[in-house]
Amino acid sequence: MKMGTALIYDEEMTKYKLLWVDPACKIEVPERLIVSHDALVKNGLADRCVTVPVREATETDILLVHSEEYLEAVKKTPHMTLEDLKEFTQQYGDVYFHPNIYHCAKLAAGATLQLVDSVMTGKVRNGMALVRPPGHHSMRSAASGFCVFNNVAIAAQYAKQKYGVKRVLIVDWDVHHGQGVQYCFEDDPSVLYFSWHRYEHQKFWPQLKESDYNSVGKENGAGFNINVPWNKVGMKNSDYLSVFCHVLLPVAYEFCPDLVLVCAGFDSAIGDPEGEMCASPDIFAHLTHLLMNLAGGKLCAVLEGGYNLTSLAQSVCQTVQTLLGDSAPRPANLNGPCKSALESLHCVRSAHRRYWSCLKHAAELPTSDISTKRIKLAEEEEKLEKGEEEKSVEEKLWPEPPKRVTPPIRTALVLPDGVACPDGCSRFSSSEGPDAVIVSRLKENFLKDTDDRDALTTLSSLIALLEKMEKNEVCSGLALVRDVSMAMTCVVQHAAAAPSDRVLVVCVGDAVVPSHGTEDGKTLLVQFSNKQSEEQKSKYYIPVCLKKGCSDVSGFTQAVLGFLLPLGYEYDPSLVLLVRTPDSGLCDGVWQQLTGLLQGLAQGHTLVLMQEGEKACVGPTASSLLGDAAPPLGQLRAPLPEDVAALERLRHILQADWKLLQTTAPETGGGDEC
Ligand code: Q9C
Ligand code: ZN
């Protein structure tokens with residue numbers, strides 16, 4: 001089902017620039033687009049995309065968001081003298097006009113609509129539009145922050161009107177607050193707007209109080225505007241992932257969008273002079289991946305900011321390569337969120353707890369209102385820190401993200417005779433016949449009393465497949481086995497014998513889990529079932545007891561997003577072993593979501609084990625392993641209170657060991673430092 005990725009770009013959008021001296025605007029240069037596109041070409045990514053031409057947005061398109069007066073005013077700019085342009089520019093904040101910018105702004109909005117058309121008509125699955133000028137700051141009747149027309153806001157209205165899309169999710173990962181988008185949809189519950197942004201207690205541009213976490217939307221739209229203010233610079237991969245796991249994803253899955261639009265600004269990456277954040281460019285592979293199973297994969301990324309040309313080009317490549325379906329690189333050093341990020345997280349979750357059932361259990365605000373209460377404190381700290389901060393900005397160096405090598409085989413299956421191999425997968429059997437050492441080990445451990453040729457062959461094929469995955473010759477795998485418990489133990493033992501790798505074992509349902517191999521941290525085992533485990537919860541063996549096992553869609557999904565994913569990311573395995581027992585109670589859709597999401601870990605090295613009887617599930621599983629988007633789950637209801645309570649108890653116990661599980665700031669004041 002795979003379908004392609006659209007790339008929309010036109011050199012024409014590089015043909016305007018700042019014509020006078022303005023320190024605020026000098027970073028917004030045509031090269032931003034040139035280097036981004038060149039990098040896509042150089043890395044062979046542009047070639048793999050479906051090229052879609054740009055078009056000019058029509059007046060009707062533009063009027064979906066902007067006022068006639070504003071459009072008429074902008075329309076006059078191509079004919080203005082330099083002096084007139086300068087003067088026209090003055091009425092707005094941090095933006096410049098040029099005789100060709102109106103043309104480019106129409107192309108930028110039109111390119112975004114072409115992308116929406118391509119995705120909504122099924123011509124492609126997803127795509128990215130490389131555009132200038134950006135859009136998310138522009139308002140109904142005002143340009144702002146390098147933006148003329150609000151490309152993404154127009155696209156959301158257009159999608160609703162033309163395709164009858166009921167719910168649109170806008171994810172704004174640009175480092176600035178897209179106040180234009182917020183204003184446009186503040187009272188509209190059909191568009192969920194999420195933005196994180198550098199805020200520094202309202203000291204950072206555009207310095208609006210309505211960029212804070214307590215702007216949640218108005219009237220019918222209350223709850224559908226989510227602001228995550230960053231009150232410190234230097235936010236890292238952990239901070240970004242933490243907000244995704246504990247705010248955006250739970251709410252997004254509950255909301256269940258029909259279309260995802262991303263305000264894809266890369267000024268939130270390391271090296272950017274505006275953002276001054278420290279997230280590495282490969283984090284965008286993960287942010288992208290984590291959104292790709294929403295809305296059946298219908299995702300449109302639209303360029304906004306990004307002013308460090310190196311960081312920008314790398315980040316664009318990470319995003320597009322992920323849209324194309326390549327596995328994300330392993331995320332480096334995730335150590336949990338910093339204190340300031342945790343405070344923001346806590347505030348946002350608390351502000352939204354009455355609107356989203358996934359956040360109902362979120363802690364109330366610690367005391368009044370951290371974000372504003374701490375302004376004084378922050379001011380004092382700032383005085384101390386000044387001087388040191390200044391120099392580090394441009395000098396920041398980071399390694400180039402390693403080339404993402406795609407294994408020759410995406411998905412290999414070990415299947416019993418008579419079970420058909422789904423399209424796009426390769427049937428795997430160990431060509432050399434069972435390795436003598438493996439056979440004797442298997443016999444010794446599992447097949448003592450029997451002489452089960454079939455089981456032996458299957459298990460040795462499984463081990464051979466595992467070795468191919470370790471060598472990166474195969475990306476993912478699936479094995480249909482007689483006894484999942486035995487196969488699981490077999491893989492865990494094999495992995496334990498390897499010198500340095502870590503295996504995340506995710507077990508859905510009641511299987512007999514291996515009793516050894518989790519002591520030294522080489523395996524982290526998370527088991528979801530409805531059996532209250534007697535066993536001690538060690539750092540590396542985590543039984544999760546859900547009242548109805550995995551059959552409650554909301555409860556299980558929220559457990560995956562807010563619990564399993566952060567654990568998995570922090571553990572950073574080299575292999576994910578996903579085990580499904582026949583009694584798991586999991587429906588295909590949820591299973592596919594789980595399989596899809598987990599592929600963000602371990603460079604996509606996921607090995608699935610299922611019991612022979614579950615033939616019917618081979619197709620859906622294979623589809624997810626091949627990178628197809630999982631089907632939407634529908635708007636989620638509230639999870640069972642017992643399950644929420646159980647998970648929060650576990651979180652409380654485990655968060656000392658696993659920092660990414662944290663969702664609240666420690667009560668002790670004085671924090672706010674990274
Ligand atoms: N130190 C976008 O990223 N402020 N716009 C510039 C310069 C305006 C950013 C201050 C930043 C606007 C799309
Ligand atoms: Zn920006």
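Indexing begins at 1, ligand by ligand and atom by atom, following the structure's order. Note that the numbering runs from 1 along the sequence shown for the chain.
- Remark: K76 does not engage E72 in a salt bridge, criterion side-chain N to carboxylate O under 4.0 Å.
- The pair K339-E343 fails the salt-bridge criterion, with no side-chain N (NZ, NE, NH1 or NH2) lying under 4.0 Å from an Asp/Glu carboxylate O.
- Electrostatic pairing of R55 and D10 does not count as a salt bridge here, judged by no charged N lying under 4.0 Å from a carboxylate O.
- When E304, H177, Q179 are each tested for a side chain to side chain donor-acceptor pair (under 3.5 Å) with H137, only one passes: Q179.
- Between E200 and K232 no salt bridge is recorded (no basic side-chain N to carboxylate O distance below 4.0 Å).
- Looking at N237, its side chain does come within 3.5 Å of a backbone N or O of S280 through a donor-acceptor pair.
- Under the side chain to side chain donor-acceptor pair (under 3.5 Å) test applied with Y158, the options D117, T112, D61 reduce to a single match, D117.
- Looking at R132 and E28, a side-chain N of the basic residue comes within less than 4.0 Å of a carboxylate O on the acidic one, giving a salt bridge.
- Neighbouring protein atoms of the Zn ion (ligand 2) (N, O or S, distance under 2.8 Å, waters ignored): D174 OD1, D174 OD2, H176 ND1, D267 OD2.
- Under the side chain to side chain contact (heavy atoms under 4.5 Å, CB included) rule, H286 has a single partner from Y240, F244, Y569, which is Y569.
- In this structure, ligand 1 sits under 4.0 Å from heavy atoms belonging to A24, D94, P134, H136, H137, G145, F146, D174, H176, W205, D267, E274, G305, Y307.
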